Amino acid sequence: MKQEDIAINGDSAIALAWKQINPDVVAAYPITPQTIIVEKYSEYVADGHVSTEFVCVESEHSALTLCTTSSSAGARTFTATASQGLAFMWEMLPIAASMRVPLVMAVANRAVSGPIDIHNDHGDVMSARDCGWISLFSENVQEAYDLSIMATRIAEHHSVQLPVLVNLDGFILTHAIERITPLDEKDVRKFVGEFKPLHPLLDVKHPVSHNLMDGPMFYFPHKYQMVVAMHHVPKVAQDVFNDFEKISGRKYKIVEEYKCDDAEYIAIVLGSTFGTMKEAVDQLRKEGKKVGVAMPRMFRPWPIAELAKLMKGKKAVIVMDKHLSIGSYGPMFPEVVAAALENESMPKMYNYIYGLGGADTMVSDFISVFRDVEKGKAKRINYLGVKE
Amino acid sequence: MVNLANYKDFIVGDRVIEAGNSERFHTGDWRGQIPYLDKDKCINCLSCWIYCPDDSIMTENGKIKGLKMTHCKGCGICAKVCPKNAITMKGE
Amino acid sequence: MTAVTLQELNKIPVRLASGHRLCAGCTESVIAKQILMGTEKNVVVSAATGCLQVSTTLFPYTSWKTPYIHTAFGNAAATCAGVETAYKALKRQGKVKEDVKFVTFAGDGGTYDIGLQALSGAAERGHNMLYVCLNNEAYMNTGIQRSSATGIGASTTTSWAGDVAYGKKEFPKDMTRIMAAHGIPYAAQAAPHAWKDMIQKAQRAFETEGPTFINAITPCPRGWRFATEESISISRLAVETCIWPLYEVENGINYNLSPESQRIADGKAEKKPVTEWINSQGRFSHLKGDKWKSVVESMQAELDKKWESLLKLCKL
Amino acid sequence: MVTANEILAETAIHAGKYVKAFPEFGPERMGAPIRAFARISGNPIRVHTQVYEPDIVIVIDPSLIGKVDVGKGLKENGTIIANYRGSSFELQDAIGTNAECHAVDATKISVEEIGRPMVNTSMLGALVKIRPIIEYKEIEDHMKAKFEGKLKEKVILQNVAALKRAYEEVK
């Protein structure tokens with residue numbers, strides 16, 4: 001059934017997707033700019049729109065703990081956080097992943113303290129990148145909504161069984177009203193289906209012990225088991241994307257491309273910047289510049305094959321990082337370079353660090369990035385907007 | 001090269017579905033001393049049973065059947081709590 | 001409440017299997033078994049990182065014959081609360097048919113220190129679960145470091161007794177009363193030698209709706225430095241010296257002494273001096289001479305004060 | 001102001017347009033001066049940055065005029081609509097701009113119609129008169145629908161009256 005378009009901000013769109021799925025358990029702790037998600041969901045609970053057990057915990061550490069064991073117990077479980085909240089959850093991130101719980105967490109991406117700054121960058125999620133979670137990125141509110149629905153299917157797939165982060169840029173998407181086309185609730189329920197947990201704790205007739213202590217002989221193989229699960233993700237995700245297209249008409253790919261086919265210079269970005277970058281690309285194309293932009297739909301697993309294919313034969317690749325590993329590159333840059341190793345020849349590679357702590361980056365800034373690279377004025381690492 | 005376990009032998013995640021399988025792991029060889037039960041003195045009060053940390057007091061129909069040595073770590077609690085001194089600890 | 005006799009208890013299948021790797025003479029498994037005898041319903045066990053956890057679930061072995069889960073150190077209450085929340089959701093939908101009870105075990109480190117926030121949060125939210133603190137008065141799993149449950153004067157590996165120090169300088173936190181102050185329906189102190197009292201308290205806790213708390217003194221031969229066979233008698237001594245009075249609190253208000261402590265209050269049993277406690281364990285050996293006499297005196301004074309205050313709460 | 005921005009966005013989407021409307025990013029503090037942005041277009045909106053070169057600037061708080069450069073970045077054919085007691089020429093003068101300016105005494109209108117200086121709805125009325133990006137009727141209908149059941153009918157009608165008066169009175 002075709003739904004009427006609605007005006008909704010990113011956080012509320014996440015809450016709407018959750019409401020339509022009606023998970024068994026939601027536990028969360030409020031933090032800017034994720035707050036609206038929990039407030040809105042609390043409203044759905046109060047008005048009886050969902051039958052979810054909704055728990056307002058006393059901290060993010062407990063939020064993720066509660067969600068992890070709830071999922072282990074056999075309940076479909078969602079949560080959301082940002083910044084310091086994700087940092088406070090950090091201890092539980094790799095535990096949730098190694099316990100193979102298919103829970104879904106929205107992250108309203110925000111800079112990590114200090115100094116304290118509530119605005120958007122990718123410092124929170126990038127600092128959590130090695131924890132074994134699948135990490136999906138959205139360009140706009142529609143995608144944040146769509147990915148929240150698709151994430152459930154990806155996480156719960158029996159060949160995956162890993163938790164998923166759904167990232168949306170703090171304020172830029174969380175607090176911005178955009179036009180989206182929601183799905184019919186019945187279609188959403190049918191799409192996500194029933195949660196079929198593996199060896200749930202609450203199957204008391206078959207008592208199972210979850211999360212034992214490993215010695216060196218078992219730890220590494222258990223980690224390798226997760227590696228194998230991650231390898232399954234691109235195929236599973238693309239299948240889920242394709243199924244989703246059937247009910248929504250919206251296409252999703254492992255790596256999203258914009259005018260990359262004949263481009264000589266391409267930028268690789270994450271999140272809402274993909275949209276702004278498209279505008280920059282269009283303006284440069286009017287001048288006849290062969291430029292393009294791409295966004296990996298997921299940072300974990302890192303889509304090596306798709307990116308290698310994308311970079312083949314390009315003159316230069318510009319990696320735009322909204323986070324900085326201080327003392328090294330932006331977190332995405334070495335990953336892009338490593339993916340390029342799959343090809344016989346390497347394009348020129350540049351790293352731009354931009355937008356930290358919410359420093360707004362305009363279309364004209366992105367245009368100047370392409371110009372500087374074309375003119376050979378770019379350094380290996382460039383700090384956009386900082387006077388060096 | 002170290003010989004690690006094969007990941008394919010595990011179920012998904014760090015889980016064990018065979019409840020109580022640690023019974024196959026024998027802690028009996030940790031023992032420094034061994035308890036001996038004098039059945040004639042035993043009044044089947046079950047004190048040793050309720051206090052044994054390693055579930056090594058075998059019972060049947062509420063009576064002491066004997067001591068199971070596969071897991072007994074030789075702590076001596078059973079001997080100490082026995083009101084009739086029916087259990088004594090001796091070097092192995 | 002059903003009558004508790006060893007003959008009856010002996011019929012209940014034991015839910016903690018042998019083959020666990022707790023030290024010889026450790027009372028943690030004794031307490032865990034006693035607590036689980038408090039219900040014949042299905043129980044999900046959770047645990048904080050600690051001795052019980054590492055010893056009972058070393059991959060690929062588990063000693064638990066009942067569903068068991070562990071996540072981390074400082075979140076035992078949240079670990080249990082998550083399963084309990086899932087149970088509520090799935091039970092309501094008919095996806096789980098059985099009645100299930102929830103219990104979590106955590107040491108004093110995981111309860112008094114790093115896990116306090118999660119525990120307080122879970123207590124305030126009213127999860128239907130029993131939280132058992134296995135209080136062996138220090139971080140035993142990592143090698144006897146002091147915690148806020150460690151008694152004054154105890155020598156630990158982070159509060160050594162030395163030429164100028166008498167061991168841990170501070171009196172322990174009164175965790176049971178902190179939990180009672182949450183207004184939870186049931187909180188109690190127990191000790192493993194008093195098995196009947198322990199099991200009755202567990203029964204009471206399992207039958208109570210809402211969060212319940214049992215703080216169990218957990219003698220540790222290795223950390224307290226006494227012979228392994230003494231575990232049960234040391235537990236008894238903790239009660240006899242009033243180091244560890246046995247009592248229960250309903251709804252944060254109604255304090256009642258349990259039989260063994262009641263006998264002391266009634267003058268029917270002797271209140272033993274703290275020196276007997278000190279003399280029974282190697283961790284206090286430096287307090288035996290005259291050098292730290294004043295410390296021993298202050299220990300006795302504090303104990304007496306605490307005991308009097310408890311009697312007042314019990315309206316005695 | 002955030003609510004006004006919401007109503008504007010919702011009405012525009014209802015009218016088949018694409019929108020990106022958002023408050024200035026930052027913590028919410030009652031009474032502190034803030035900005036809100038809206039992009040409205042017939043095509044999907046891709047640019048996610050704040051608005052630096054607006055077509056229209058709406059000044060809700062008259063005390064900012066003369067203190068803050070409200071016309072900063074305004075496009076060549078841009079328009080300023082302000083809650084201002086004087087004439088449009090006086091407004092132009094007070095701001096110190098050659099840009100097209102329109103004044104409406106939204107404070108007076110809202111006090112008289114709503115009983116409180118809640119100027120949001122009045123400013124929306126003025127906006128759709130000067131720049132009919134959406135039709136007046138659409139915004140009135142949407143406002144009624146949005147607040148139905150949430151606000152008392154009397155309050156809704158008061159707001160509609162303020163919307164209408166500002167629509168008529170803006171100079």
Side-chain angles (χ1 to χ4, degrees), chain A residues 22-27 29 51-77 79 89 91-92 94-96 98-99 101 103 194-195 197 199-215 217-219 221-222, chain C residues 15 21 41-47 49 53-93 95-100 102 114-115 117-125 127:
Chain A
N22 192 17
D24 301 312
V25 173
V26 167
Y29 188 82
S51 58
T52 306
E53 281 293 328
F54 177 67
V55 193
C56 294
V57 281
E58 85 296 333
S59 73
E60 283 94 353
H61 195 283
S62 285
L64 187 52
T65 302
L66 203 137
C67 288
T68 300
T69 60
S70 156
S71 185
S72 251
R76 179 176 275 155
T77 307
T79 187
M89 282 180 180
E91 183 191 27
M92 281 305 296
I95 294 173
S98 86
M99 287 179 79
V101 292
L103 68 93
E194 280 276 301
F195 176 36
H199 314 293
L201 203 59
L202 283 172
D203 180 3
V204 290
K205 289 205 180 81
H206 303 96
V208 54
S209 291
H210 284 224
N211 194 34
L212 283 75
M213 176 150 183
D214 270 359
M217 187 175 170
F218 302 112
Y219 181 88
H222 271 132
Chain C
R15 295 195 245 211
R21 302 174 207 202
K41 291 205 171 114
N42 295 295
V43 186
V44 172
V45 172
S46 61
T49 307
Q53 170 260 335
V54 303
S55 304
T56 59
T57 55
L58 194 57
F59 193 87
Y61 296 113
T62 179
S63 304
W64 299 96
K65 293 182 170 178
T66 192
Y68 161 93
I69 190 165
H70 154 258
T71 61
F73 184 21
N75 59 355
T79 298
C80 194
V83 187
E84 186 263 357
T85 305
Y87 170 70
K88 266 191 250 168
L90 299 178
K91 178 89 175 173
R92 200 177 47 216
Q93 297 170 44
K95 287 180 184 167
V96 171
K97 306 270 189 299
E98 300 87 352
D99 282 336
V100 184
F102 298 91
I114 198 169
Q117 176 179 313
L119 173 57
S120 177
E124 184 269 336
R125 292 190 301 271
H127 294 281

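No experiment lies behind these values; they were computed from the predicted model shown. Note on naming: letters A, B, ... go to the chains in the order of the sequence lines (proteins, then strands), and numbering restarts at 1 for each one.
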request  = Could you have a look at A/His61, A/Lys205, A/Glu53 and say which one has the most heavy-atom pairs with chain C under 4.5 angstrom?
outcome  = A/Glu53

inquiry  = At a 4.5 Å cut-off on heavy atoms, which part of A/Leu201 comes close to chain C: side chain, backbone, both, or neither?
reply    = both

message = Out of C/Lys91, C/Lys97, C/Glu84, C/Gln93, return the one with the most heavy atom pairs under 4.5 angstrom to chain A.
response = C/Gln93

query = With a 4.5 angstrom heavy-atom cut-off, which part of C/Ile69 approaches chain A: side chain, backbone, both or neither?
reply = both

Heavy-atom pair count under 4.5 Å with chain C, highest-scoring of A/His222, A/Met217, A/Met213 = A/Met213

message = As a test of understanding, state which of C/Thr56, C/Thr57, C/Thr62 forms a side chain to side chain donor-acceptor pair (under 3.5 Å) with A/Ser209.
response = C/Thr62

query = Considering only heavy atoms, which portion of A/Val208 lies under 4.5 Å from any heavy atom of chain C: side chain, backbone, both, or neither?
reply = backbone

task = Measure from the side-chain N and O atoms of A/Ser71 to the backbone N and O of A/Cys67, and report whether any donor-acceptor pair falls under 3.5 Å.
result = no

key: Heavy-atom contact with chain A under 4.5 Å, split by part of C/Val100   = side chain

remark   = If you tally heavy-atom pairs under 4.5 Å between each of A/Asp24, A/Leu66, A/Asp214 and chain C, the highest tally belongs to A/Leu66

request  = Among the options C/Ala77, C/Gly121, C/Ser120, C/Ala122, pick out the one with the most heavy-atom pairs lying under 4.5 Å from chain A.
outcome  = C/Gly121

ask   = What part of C/Val83 gets closer than 4.5 Å to chain A, counting heavy atoms only: side chain, backbone, both or neither?
value = both

key: Heavy-atom pairs under 4.5 Å with chain C, option from A/Leu202, A/Val57, A/Ile95, A/Val25 with the top count   = A/Leu202

key: Heavy-atom proximity to chain A below 4.5 Å, by part of C/Gln117   = both

inquiry  = I need the residue from C/Asn42, C/Thr79, C/Thr66 with the largest number of non-hydrogen atom pairs under 4.5 Å to chain A.
reply    = C/Thr79

key: Any donor-acceptor pair under 3.5 Å from C/Arg92 side chain to A/Ser51 backbone   = yes

task = Please state whether the side chain, the backbone, both or neither of A/Thr52 comes within less than 4.5 Å of a heavy atom of chain C.
result = backbone

key: Interface moiety of A/Met92 toward chain C, non-hydrogen atoms closer than 4.5 Å   = side chain

request  = Quick one: which of A/Pro200, A/Ala75, A/Ser70 has the most heavy-atom pairs under 4.5 Å with chain C, could you say?
outcome  = A/Ser70

key: Donor-acceptor side-chain pairing of C/His70 and C/Thr49 below 3.5 angstrom   = yes

